[in-house]
Amino acid sequence: MDADLMLHFANFSTLLVCMVLKFPQIIVLIRAKSTRGVSLKSLLLELIGFIVFITYQMYYDYPPPTYLEYPILIAQDAILLLLILHYNGNLRQSVIYTLLFVGGWQLLTVQKWIIDLAMSLCTFISAGSKFAQLQCLWESKDSGQVSALSWGMATYTCLARIFTTIVTTGDMQVLVRFIVMAILNGWVTAMVLYYRRRGIKQD
């Protein structure tokens with residue numbers, strides 16, 4: 001397959017998958033009206049990572065097809081956050097989170113060194129979000145309302161972005177981030193499936 005064609009496929013498929021990536025998780029939460037197994041800390045760290053990443057990409061004028069999915073992912077994460085706060089009885093906290101996220105977003109581009117520092121920490125922040133979800137699964141020994149499909153699709157998008165980053169910008173910070181995220185997303189997916197199978201056997 002031609003390299004340009006592969007690049008277009010990777011960009012398009014990633015965008016397409018990300019348009020519905022969080023829908024399985026959103027649907028599961030709405031049906032169950034429970035957040036069992038879903039880590040609020042993981043979601044908040046993921047949102048921070050997404051905001052830093054897209055701001056960095058836009059600040060340095062990277063090709064839009066390499067980050068177009070992030071506004072969609074941020075919107076879906078915001079819906080998930082509202083659902084989690086609602087089902088936990090803490091919906092009023094959404095105002096505080098909104099102010100913090102918007103204020104932080106603005107602060108990132110005040111100085112070049114701020115966005116560069118934030119991006120250097122982005123991989124640790126995003127990895128922290130995955131470890132928070134892994135910890136939640138490990139402690140509860142129950143995948144609860146966690147969607148394996150959402151985590152599986154997230155693994156695919158990271159793998160596709162490893163390829164697009166190598167072909168387009170070659171940015172090592174971005175590349176390392178996607179490699180780490182692909183591994184951790186795959187790990188979460190495997191744990192969700194493991195606890196789901198174990199739960200079925202016990203029933």
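Computed from a predicted structure; not experimentally measured. Scope of the values below: all heavy atoms of this structure, side chains included, with no hydrogens, waters or symmetry mates.
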(message) If you compare all heavy atoms of V110 against all heavy atoms of Q106, which two are closest, and at what distance to 0.1 Å?
(response) CG2-O, 3.7 Å

(request) Report yes if some heavy atom in the side chain of L81 is under 4.5 Å from a heavy atom in the side chain of L40; otherwise report no. (result) yes

(message) Quick check for you: to the nearest 0.5 Å, what is the distance between N11 atom CG and F163 atom CZ?
(response) 9.0 Å

(request) Enter the distance from L82:CG to Y87:OH here, rounded to the nearest 0.5 Å. (result) 11.5 Å

(request) Indicate, with yes or no, if L175 and I54 share a hydrophobic cluster defined by side-chain heavy-atom contacts under 4.5 Å among Ile, Leu, Val, Met, Phe, Trp and Tyr. (result) yes

(message) Less than 4.5 Å apart, side chain to side chain, heavy atoms only: is that true for T109 and I114?
(response) no

(request) Check step by step if side-chain contact (heavy atoms from CB on, under 4.5 Å) holds for F50 and L73. (result) CA-CA 8 Å; F50 284 168; L73 290 172; 3.7 Å; yes

(request) Side-chain contact test, heavy atoms from C-beta onward, threshold under 4.5 Å: evaluate it for L193 versus R197 and give yes or no. (result) yes

(request) Would you give the length of the straight line joining atom CG of D77 to atom CD of Q25, rounded to the nearest 0.5 angstrom? (result) 10.0 Å

(request) Kindly indicate, with the supporting measurements, whether the criterion side-chain contact (heavy atoms from CB on, under 4.5 Å) is fulfilled by Y70 and Q57. (result) CA-CA 10 Å; Y70 281 87; Q57 298 271 63; 5.8 Å; no

(message) Could you see if L47 belongs to whatever hydrophobic cluster contains V102? Use Ile, Leu, Val, Met, Phe, Trp, Tyr and a side-chain cutoff under 4.5 Å.
(response) no

(request) Report the distance from atom CD1 of I27 to atom CG of L83, rounding to the nearest 0.5 Å. (result) 11.0 Å

(message) Could you tell me if the side chain of S34 sits less than 4.5 Å from the side chain of L29, heavy atoms only?
(response) no

(message) To the closest 0.5 Å, what do you measure between OH (Y56) and CD (Q173)?
(response) 5.0 Å

(message) Please determine whether residues L100 and I51 belong to a single hydrophobic cluster, defined as Ile, Leu, Val, Met, Phe, Trp and Tyr linked transitively by side-chain heavy-atom distances below 4.5 Å.
(response) no

(request) Determine the minimum heavy-atom distance between M153 and V20, stating which atoms define it. (result) CE-O, 3.7 Å

(request) Could you tell me whether the side chain of T155 and the main chain of W151 form a donor-acceptor pair under 3.5 Å? (result) yes

(message) For L159 versus A182, what's the shortest heavy-atom pair and its separation?
(response) CD2-CB, 3.9 Å

(message) List the residues meeting side chain to side chain donor-acceptor pair (under 3.5 Å) with K112, not counting sequence neighbours, and say none if there are none.
(response) Y60, D116

(request) Examine the side chains of Y156 and S13 and answer whether a donor and an acceptor come within less than 3.5 Å of each other. (result) yes

(request) Over all heavy atoms of both residues, which pair between L21 and P24 is shortest? Give the atoms and the distance, please. (result) O-CD, 3.4 Å

(request) Could you state whether M172 and V174 fall into the same hydrophobic cluster, counting links through intermediate Ile, Leu, Val, Met, Phe, Trp or Tyr residues with side-chain heavy atoms under 4.5 angstrom apart? (result) yes

(request) Find out if a path of hydrophobic residues (ILVMFWY) with successive side-chain heavy-atom gaps under 4.5 Å connects F124 to L134. (result) no

(request) Ignoring hydrogens and angles, tell me if any N or O in the side chain of S147 forms a donor-acceptor pair with the backbone of S150 under 3.5 Å. (result) yes

(message) Which residues pass the side chain to side chain donor-acceptor pair (under 3.5 Å) test with Q133, not counting sequence neighbours?
(response) none

(request) For S42 and S129, work out which heavy atoms get closest and say how close. (result) OG-O, 2.6 Å

(request) Kindly say whether L91 contributes a backbone atom to a donor-acceptor pair with the side chain of S94 at under 3.5 angstrom? (result) yes

(request) Please name the residue in the list F178, Y67, Y62, Y59 that meets the ring pair (Phe, Tyr, Trp, His ring centres under 6.0 Å) test with F53. (result) F178

(message) I want to check something: taking the side chain as every heavy atom from C-beta on, are F101 and I48 in contact at a cut-off of under 4.5 Å?
(response) yes

(message) Donor-acceptor pair, distance only, cut-off 3.5 Å: does the side chain of K130 make one with the backbone of A127?
(response) no

(message) Tell me whether E46 is salt-bridged to K41, with the criterion being a basic N under 4.0 Å from an acidic carboxylate O.
(response) no

(request) Answer yes or no: is there a side-chain heavy-atom contact under 4.5 Å between V38 and L43? (result) no

(request) Please name the pair of heavy atoms, one in C158 and one in N185, separated by the smallest distance, quoted to 0.1 Å. (result) SG-ND2, 3.5 Å

(message) Test side-chain contact (heavy atoms from CB on, under 4.5 Å) on W105 and I74; report intermediate values, then the result.
(response) CA-CA 12 Å; W105 204 332; I74 289 169; 4.1 Å; yes

(request) Working to the nearest 0.5 Å, report the span between NE2 of H8 and CE of M6. (result) 12.5 Å

(message) When you measure from the side chain of E69 to the backbone of C18, do you find a donor-acceptor pair of N or O atoms at a distance under 3.5 Å?
(response) no

(message) Taking salt bridge (charged side-chain N to carboxylate O under 4.0 Å, His left out) as the cut-off, I'd like each qualifying pair that reaches into residues 165-184, sequence neighbours left out, listed once.
(response) none

(message) Can you confirm whether T55 sits close enough to I115 that some side-chain heavy atom of one is under 4.5 Å from a side-chain heavy atom of the other?
(response) yes

